[in-house]
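I have placed the structure first, in the form of structure tokens, so that the comments after it can refer back to it.
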Number of protein chains: 2
Amino acid sequence: MTTILFVEDEAPIRDLVRFALSRAGMTMLEAGDNAEAERLLASRRPDLILLDWMLPGGSGIELLRRLRRNPELRDLPVIMLTALAEEEQKVRGLEAGADDYLTKPFSPAELVARIRAVLRRATGADEQGRLRFDSLELDPATRRAWCRGHPLQLGPTEYRLLHFLIAHPGRVYTRAQLLDYAWPPDEAREERTVDVAIRRLRKALEPHGAQGLIQTLRGAGYRLDHA
Amino acid sequence: MTTILFVEDEAPIRDLVRFALSRAGMTMLEAGDNAEAERLLASRRPDLILLDWMLPGGSGIELLRRLRRNPELRDLPVIMLTALAEEEQKVRGLEAGADDYLTKPFSPAELVARIRAVLRRATGADEQGRLRFDSLELDPATRRAWCRGHPLQLGPTEYRLLHFLIAHPGRVYTRAQLLDYAWPPDEAREERTVDVAIRRLRKALEPHGAQGLIQTLRGAGYRLDHA
DNA sequence: CGGAATTGTTACAGCTTTGTGACACCCGCT
DNA sequence: AGCGGGTGTCACAAAGCTGTAACAATTCCG
């Protein structure tokens, strides 16, 4: 489920956007100001941040700057919301690292379209929101995955792991990173847990002729890459 | 047959639109004001609402807001009609959740094009406004549902749940989302409530040979999909 | 070549999640 | 007030996953 954090002080606009998002199959986290947003980000990680420019107690750009300095949150796509009269600030927003901007007033369809576009850029999904790599395909909306067109039977952990890997193909991740990114953030887990999950995932791919896609880098971690 | 509800107080414009729609193979329901529109919506479900901004006895936006709060009607696409002089109000229409708007005067071709575009984006109901998936069929207008032609005996909750699922087939929804979308928005409910409702719905489908249509995704939620 | 470190593989116990039936409550109807 | 259908919650049963440990295989390095 795609989760959007909306930082906006006016409640009616929040309601409206929540409605538009829910119709598009997304859920919304809300924050009324920067402080609240940061509190929220400490515990939850949305897929995208929708940030109003004008906020009580510090403008949105401040939050944006702080985000970009935080290694954990740096990759979060941000869409800035500006009123028509604030045209010039839009520029500053983009300079500060926003991925896109939207001028109020906007249509729900436009909002959703922008969000999808930005997310597509950020995650490498195609027009339908599907992720693809080599002979693999994964659809977050239906929570299904295929290999050469054959549906894969994946448990929750295997699915999350494949989802993460396919969204970041080619990169090497240590076991610790994978535990961070593809596991629920609850408690501590043995690093070898990852090995077993990788094994289970490989086993699920094998019967469909996808060998060697998940590579081991001795001493470093794992990587999804062409065989 | 696509049915459009046109809420508009000026008869000449109604005639004009009725003509344009009939040439495009659509039928039109008419209402002169909000009250009449709501009376109509109680018994019939159009595929789209064409809503004039200026109405005697309450502006169109009021109806729009009330629509959006009604779970049964929330998915109905709405196109707002505004006069050129009301340009700025169009903004408010979109903010209230209209899917598109049209500025008077407009050409018949433009009207039909907008309607088609919006309908394409909206849910996949057929010409009679019925929803279908696999062996299931559901008619929002009469609030009835069938499985392989056999009428289903559903309580209100089961009906709303099936309605939502069949309108969004294939997608996975968490228990929290289902509570949001298929339950009255009153108060808090236990998430396990969804399990029980799903169970009751499954039980209602079973006798008619529809097993496995409602799938459980461990750790994620439920999904309506081909077995 | 031998040993150490790293990773692959398997099995299993425990735990979390879900299915299921029962029950009490609410509400509209008679 | 009594009745009955519908709904939310709880408790228990069942199923499915997952983490861990233990052992095998592989790689690395001297």
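Here is the naming used below: chain letters follow the sequence lines, and residue numbers restart at 1 for every chain. These numbers come from the heavy atoms of this one structure, side chains and all, not from hydrogens, waters or symmetry mates.
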Where chain A begins and ends its contact with DNA chain D, read 5' to 3' at 4.0 Å from heavy atoms
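Contact span on the strand: D:dC17 to D:dC28.
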Among A:Y159, A:Y181, A:F133, the one residue meeting ring-ring contact (aromatic ring centres under 6.0 Å, His included) with A:F164
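In the set A:Y159, A:Y181, A:F133, the residue that makes a ring-ring contact (aromatic ring centres under 6.0 Å, His included) with A:F164 is A:Y181.
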Between B:L178 and B:L165, which heavy-atom pair has the shortest distance, and what is it?
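Closest pair (atom of B:L178, atom of B:L165, distance): CD2-CD2, 4.3 Å.
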Which heavy atom of A:I49 sits nearest to which heavy atom of A:P46, and what is that distance?
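Shortest heavy-atom contact: CG1-CG, 4.3 Å.
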Can you find an N or O donor on one side and an acceptor on the other, under 3.5 Å apart, linking the side chain of A:R202 with the base of C:dG8?
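Such a pair does not exist between side chain and base.
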Please identify each residue that fulfils side chain to side chain donor-acceptor pair (under 3.5 Å) with A:R189, with sequence neighbours left out.
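In terms of side chain to side chain donor-acceptor pair (under 3.5 Å), with neighbours along the sequence ignored, A:R189 is linked to no residue.
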Residues in side chain to side chain donor-acceptor pair (under 3.5 Å) contact with B:E38, at least two apart in sequence or another chain:
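With neighbours one apart ignored, the set is B:R66.
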Scan the side chains in residues 219-227 of chain A for donor-acceptor partners under 3.5 Å anywhere in the protein, sequence neighbours excluded, and list what turns up.
from, atom 1, to, atom 2, distance (Å)
A:Y222, OH, A:R175, NH2, 3.2
A:R223, NE, A:Q215, OE1, 3.2
A:R223, NH2, A:Q215, OE1, 2.9
A:H226, ND1, A:D134, OD2, 2.6

Among residues at least two apart in sequence or on other chains, which ones pass salt bridge (charged side-chain N to carboxylate O under 4.0 Å, His left out) with B:E36?
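Listed in chain order: nothing, the list is empty.
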Tell me every residue that passes salt bridge (charged side-chain N to carboxylate O under 4.0 Å, His left out) with A:R39, counting only those two or more places apart in sequence or in another chain.
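Salt bridge (charged side-chain N to carboxylate O under 4.0 Å, His left out) check on A:R39 returns nothing, list empty.
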To the nearest 0.5 Å, tell me how far [X] [atom1] sits from [Y] [atom2].
{"X": "B:W146", "Y": "B:H208", "atom1": "CH2", "atom2": "NE2", "answer": "12.5 Å"}
{"X": "A:R45", "Y": "A:L41", "atom1": "CZ", "atom2": "CG", "answer": "9.0 Å"}
{"X": "A:N34", "Y": "A:D9", "atom1": "CG", "atom2": "CG", "answer": "10.5 Å"}
{"X": "B:L29", "Y": "B:L50", "atom1": "CG", "atom2": "CG", "answer": "11.5 Å"}
{"X": "B:L162", "Y": "B:T157", "atom1": "CG", "atom2": "OG1", "answer": "12.5 Å"}

Where at least one partner belongs to residues 157-174 of chain A, residue pairs that pass salt bridge (charged side-chain N to carboxylate O under 4.0 Å, His left out), sequence neighbours excluded
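Counting only pairs at least two positions apart or across chains, no salt bridge (charged side-chain N to carboxylate O under 4.0 Å, His left out) contact touches residues 157-174 of chain A.
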Could you give the CD1-to-P distance, from B:I198 to C:dT20, as a whole number of Å?
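After rounding, the gap between these two atoms is 12 Å.
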Using atom CD of A:E191 as one end and atom P of C:dT6 as the other, report the distance to the nearest whole Å.
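These atoms are roughly 11 Å apart.
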Heavy-atom contacts under 4.0 Å between [range] and DNA chain C, which residues?
{"range": "residues 159-174 of chain A", "result": "none"}
{"range": "residues 214-227 of chain A", "result": "A:T216, A:L217, A:R218, A:G219, A:Y222"}
{"range": "residues 176-185 of chain A", "result": "none"}

Matching residue for A:E137 among A:R144, A:R148, A:R132 - test: salt bridge (Lys or Arg N to Asp or Glu O under 4.0 Å)
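Output: one option passes, namely A:R132.
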Carboxylate-amine/guanidinium contact A:R68 A:D99, below 4.0 Å
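The answer is yes: the pair qualifies as a salt bridge.
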Letter per nucleotide, 5' to 3', of nucleotides 23-30 of chain C [B base touched, S only sugar-phosphate touched, - untouched; heavy atoms, 4.0 Å]
--------
If pairs are Watson-Crick or G-U with both distances under 3.5 Å, what is the dot-bracket string of DNA chain D, marking crossing pairs with [ ] and pairs to another strand with |?
||||||||||||||||||||||||||||||
More than 12 foreign heavy atoms under 6.0 Å from CD of B:Q211: is that the case here?
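Atom CD in B:Q211 is packed in, count exceeds 12.
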Along DNA chain D (nearest heavy atom to each residue), the more 5'-positioned of A:L154 and A:T193
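On the 5' side of the pair lies A:L154.
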Parallel, tilted or perpendicular: ring planes of B:Y173 versus B:H168, cut at 30 and 60 degrees:
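Taking B:H168 first and then B:Y173, their aromatic rings stand perpendicular (interplane angle over 60°).
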When you measure from the side-chain N and O atoms of B:R175 to the phosphate of C:dT17, is any distance below 4.0 Å, counting only OP1 and OP2?
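For C:dT17, neither OP1 nor OP2 has a side-chain N or O of B:R175 closer than 4.0 Å.
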